Amino acid sequence: MTMASSSFPGRGDFSLRPGSPELFAPAATEESAPWESWRSKRALQQPSYPDSEALDSVLAELRRQPPLVFAGEVDDLRTNLAAASRGEAFVLTGGDCAETFSEATADHLRLKIQTLLQMAVVLTYGASLPVIKIGRIAGQYAKPRSSDMETRGDVTLPSYRGDAVNSFEFTPESRIPDPTRLLDLYHHAASTLNLIRAFTRGGYADLRLVHHWNRGFTANPAYARYESLAEEIHRAVKFLEAAGVSSAAQMRSVDLFSSHEALLLDYESAMTRIDSRTGDPYNTSGHFLWIGERTRGVDDAHVELLAHVRNPIGVKLGPTTSIDDMRRLVDRLNPEGEEGRLTFITRMGADKIRHALPPLLEAQARDGRPVTWVTDPMHGNTITSSTGYKTRRFETIMDEVTGFFEAHREAGTVPGGIHVELTGDDVTEVLGGSEQLDEEALRDRYETLVDPRLNHQQSLEMAFQVAEYLKKE
Ligand code: PEP
Ligand code: CO
């Protein structure tokens, strides 16, 4: 075995690259790794840990842990995202705003995975394209916050920053950032990925089973308007079975990739490893990592860290993004214009997307370096209900999705996919949809700790509506 780079101390074999005898080299020490250059940059939205020695020992422990994802899988996803940038595949990203440790259970995860697989079947039919399935899952445990402090009554405490940082409970002890939570994050991500691999390889993702679940959805009179599309899909599945395709392994297993916001720089850099086959650094905490709207400063630490890794990466773009901001991000994150490397996830707001997005699309098309364009129709459309809940309206979310397709049609560019916050549970967090969830209903099952999520039914309804739209395109 050859080691592609020799400047890293303490090499040893510990992580297989599937399909190849090549191995990841161990994590580099802090001083030697080039991607640690982020430490000299401005790092926004980082927890302030009271005990820096405790943090250092956690990071040393993390550097000893095996990678969670493998370079070969990450490369496959980059290739798939390249196809999406050309209009030859469609991206579906979905999952919680913030995963929690207490909901990393088999039941919650199963329902979430089931929801994503059901949506993917509908979208595959609607788009007549392969659907790239990505979860906001197995690592989405840290949140940027608009305020460092939260006040309730006359008590002010540090904000909840996700289970990877502190606890939601509103007491002084719970809100102190605790670095040992980074190890809990690692272990929850590992067990979640293990379950994903089992579900997606072990028969649970079988097209016929997923299709059977979708039949259950359209049997509900509230969703009768989707019956004819469901019937078309049914005939297509029957055809595949009759033609003998259904016995093929492709019917039984799928790829479901993991993604999260690469927010906590200490964790993300401790999980970065050199692929010994190529000598390139990979962030092994997830297949796809994105930079949030609040931390995408081109000279800041998050961009610096992700500029160093080979993973496909995303950057959220809000409505105030200028053409110059965008060009500088491309210069820094994808200077050579490699297809599949960079995804822009736009989150403009339904009322802004139709005028804010086309100029960016046109400028990028003129630039010529490829980008995969994905819509996040959630984060520009958050409102507060009269009953005091942070919520969103299903119809407004769908309006942003429609605006996204219209903007691409106007600019002559490729709408590559959708990125949504959802759960497989029957929560009541987002208003509207065919079941007309109203402000009173928000009280029933409002469970999210951060942003409101589409419930199982609303997620499927979105998939049917997007599929109808794609079919007409
Ligand atoms: C998120 O995706 O949960 C998020 C915080 O998004 P944004 O960075 O776009 O606000
Ligand atoms: Co969110």
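Counting convention: from 1, in listed order, for ligands and their atoms alike. Predicted model, so just to flag it, every value in this text is computed and none were measured.
- For the ligand labelled ligand 1, residue His419 lies outside the 4.0 Å heavy-atom shell.
- Between Leu329 and Leu317 the shortest side-chain heavy-atom distance falls below 4.5 Å.
- Looking at Thr402 and Asp399, their side chains never bring a donor and an acceptor atom within 3.5 Å of each other.
- Considering only heavy atoms from C-beta on, Arg310 comes within 4.5 Å of Glu338 through its side chain.
- Where the criterion is an N or O separation shorter than 3.5 Å, residue side chain and backbone included, Asp376 fails it with respect to ligand 1.
- No hydrogens or angles considered: a donor-acceptor pair under 3.5 Å links the side chains of Tyr282 and Asp75.
- For the pair Arg136 and ligand 1, the shortest N or O to N or O distance falls below 3.5 Å.
- Considering Glu293, Lys316, Arg347 only, the shortest heavy-atom separation from atom 10 (O) of ligand 1 involves Arg347.
- Shortest distance from the Co ion (ligand 2) to Asp451 is reached at OD2 (N/O/S atoms only).
- Distances between N or O atoms of Glu261 and those of ligand 1 include no value under 3.5 Å.
- Looking only at N/O/S atoms, Glu421 comes nearest to the Co ion (ligand 2) through OE2.
- The existence of a salt bridge linking Asp96 and Arg453 is confirmed by a sub-4.0 Å separation between a basic side-chain nitrogen and an acidic carboxylate oxygen.
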